[in-house]
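Single-structure report; data block below.
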2 protein chains.
Amino acid sequence: MPPPARRSADATRTALVHAAQDALRDVGYSGSSAREIARRAGCNQALVFYHFGSVQDLLLAALDDVSTRRLTAYQESIATATTLHALVDAAERVLEDDLAAGNVAVLVELLTAGSSSPDLAAAVTERLAPWRDLAELAVGRVFELVPGAAVLPVDEAAHVLIATLLGLELVAGTSTGRETTAVLFGRARRVADLLEPGPAVRSDRAPRPRTGRAPAGGAS
Amino acid sequence: MPPPARRSADATRTALVHAAQDALRDVGYSGSSAREIARRAGCNQALVFYHFGSVQDLLLAALDDVSTRRLTAYQESIATATTLHALVDAAERVLEDDLAAGNVAVLVELLTAGSSSPDLAAAVTERLAPWRDLAELAVGRVFELVPGAAVLPVDEAAHVLIATLLGLELVAGTSTGRETTAVLFGRARRVADLLEPGPAVRSDRAPRPRTGRAPAGGAS
DNA sequence: GTCTATACTTGGATAGAC
DNA sequence: GTCTATCCAAGTATAGAC
């Protein structure tokens, strides 16, 4: 028998991780304090340090959690994608989810912090590696589907793809940034349909339910 | 005659502005406190509030300063460029200088910070406008020089251009990021020479490709 | 494991001396 | 204009009771 643990032992950990994700999305990196996260998780602030040692480590755990979940989902959708249209959809979904999860702020924080700390930079590169692989997978698909598109080696194209998506996320915070991005993906989708007049007539992508305000933890 | 001002009246302001730029580059937005900036400027922390009212206003002033300085430089090099090759050179030179000086980092930091602060986001958006204009100028040039390149409206292409450059700056901090960027510009230069076989371009930056062969993977 | 309480630190911002 | 001194708020982290 496991030790007593009268109440949720490790449920607290996951609650904190999820609350950290919500906090990152809602109030950004600077607003994601131990007190704020604990409030969303419905527990005490001291538990952040008991379970994770520091706020920074909790935020990294949150980032890892959401990353692994999303990576597997994307990997599947890209691996099974047989049309250009579907690949564009996947790219847009990646960007939307990133924005919704507020991952960009953490990533930027890590990237800038890494520039003055070699070991941290290594940690960031490590976390970025699976995304690079995913991007290479997607680019490889595009090169297969569109003859003559391989004007760049796959790894370099993947590099540009990641950079561009990150950049689009960055400027999405500006006034017209968000809608311009949507327009761009609309164009890409239409171009995809042109290059690929086959069976893929999945019309325009169905608008996803807006992420809007749906704090899972609920602000008391 | 201006009032006495025994010692550096407005030199303090510029010192603070420059110190703010350094701080943003070195320790990021979260680390750029009034005390940190004042320490770098070699003056007292209270002067931040005396001269700028708040830390955020000082950071915005820092962004203004770096923007105007860089904008004039870029505007000139783009306006005088008459070949595609020269445009690519200009873009790379600009990016190299910016990376070395950490100018883009200032913008990136404020952009991410703005994602969780609407008023800051609005202020940053306002300051992004001249850059958007500049990007449209450059894109318009490319569309003039390369017939059939206008697959996008100028403003949207400019949007993507800015996003991509910002994204490349972001990932330049990773292990292979920096050199990959250099490789990409090398490819762009060769493509430019292919599209523009006219006058012997100044090949001061890279050995001129003797053959007309495509960089990688022939598009037949 | 979770809580309360608290020590300690840092940062924004102001008042007033010089 | 610049400084010292200070207030106040918020955050990190730890100690110890339950």
Side-chain angles (χ1 to χ4, degrees), chain A residues 1-20 22-24 26-62 102 105-106 109-110 113 116 120 217 219-220, chain B residues 1-20 22-24 26-62 109-110 113-114 116-117 119-120 123:
Chain A
M1 270 193 248
R6 19 182 120 276
R7 204 84 183 88
S8 50
D10 140 290
T12 302
R13 286 182 64 97
T14 67
L16 281 173
V17 166
H18 290 152
D22 293 342
L24 278 174
D26 293 343
V27 294
Y29 182 86
S30 59
S32 297
S33 66
R35 286 185 162 88
E36 173 67 20
I37 296 172
R39 188 184 60 78
R40 288 165 181 264
C43 72
N44 192 271
Q45 160 260 347
L47 291 183
V48 168
F49 305 96
Y50 175 80
H51 284 292
F52 296 92
S54 71
V55 177
Q56 175 92 354
D57 287 348
L58 170 55
L59 292 179
L60 286 178
V106 187
E109 198 70 28
L110 291 174
S116 56
L120 188 54
S220 46
Chain B
M1 274 191 222
R6 19 183 122 275
R7 203 81 183 90
S8 51
D10 137 292
T12 302
R13 287 182 63 96
T14 66
L16 281 172
V17 165
H18 291 152
D22 293 343
L24 276 175
D26 293 344
V27 295
Y29 179 85
S30 60
S32 297
S33 65
R35 287 183 163 88
E36 171 67 20
I37 296 172
R39 190 184 59 78
R40 289 166 180 262
C43 72
N44 191 274
Q45 161 258 346
L47 291 182
V48 168
F49 304 95
Y50 175 80
H51 284 292
F52 297 92
S54 70
V55 176
Q56 186 167 97
D57 286 349
L58 169 56
L59 294 179
L60 287 176
E109 287 294 332
L110 291 180
S116 56
S117 165
D119 55 338
L120 182 58

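In what follows, every chain begins at residue 1, and chains take the letters A, B, ... in the order their sequences are listed.
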Give me the atom names and distance for the closest heavy-atom approach of [X] to [Y].
| X | Y | value |
| --- | --- | --- |
| A:Ala23 | A:Ile37 | CB-CG1, 4.1 Å |
| B:Ser32 | B:Leu24 | OG-N, 3.4 Å |
| A:Ala15 | A:Ala41 | O-CB, 3.8 Å |

Checklist outcome for this item: Stems in DNA chain C, runs of 3 or more consecutive Watson-Crick or G-U wobble pairs with both distances under 3.5 Å, sorted by first number, are C:1-18 with D:1-18

Checklist outcome for this item: Output for pair (A:Thr12 OG1, A:Asp10 CG), nearest 0.5 Å, gives 8.0 Å

Sequence neighbours excluded, which residues qualify as side-chain hydrogen bond (donor to acceptor under 3.5 Å, both in side chains) partners of [X]?
| X | answer |
| --- | --- |
| B:Glu36 | B:Arg39, B:Arg40 |
| B:Thr14 | none |
| A:Ser33 | none |

Review item, side-chain donor-acceptor pairs of residues 42-59 of chain A, under 3.5 Å, at least two apart:
residue : atom : partner : partner atom : Å
A:Asn44 : OD1  : A:Ala46 : N            : 2.8
A:Ser54 : OG   : A:Asp57 : N            : 3.2
A:Gln56 : OE1  : A:Tyr29 : OH           : 3.0

Item to check | Per-nucleotide protein contact string for nucleotides 12-18 of chain C, where B marks a base within reach and S marks sugar-phosphate only (heavy atoms under 4.0 Å, - for neither) | outcome: BBB----

Checklist entry - D:dA10 P sits how many Å from A:Arg39 CZ, rounded? => result 13 Å

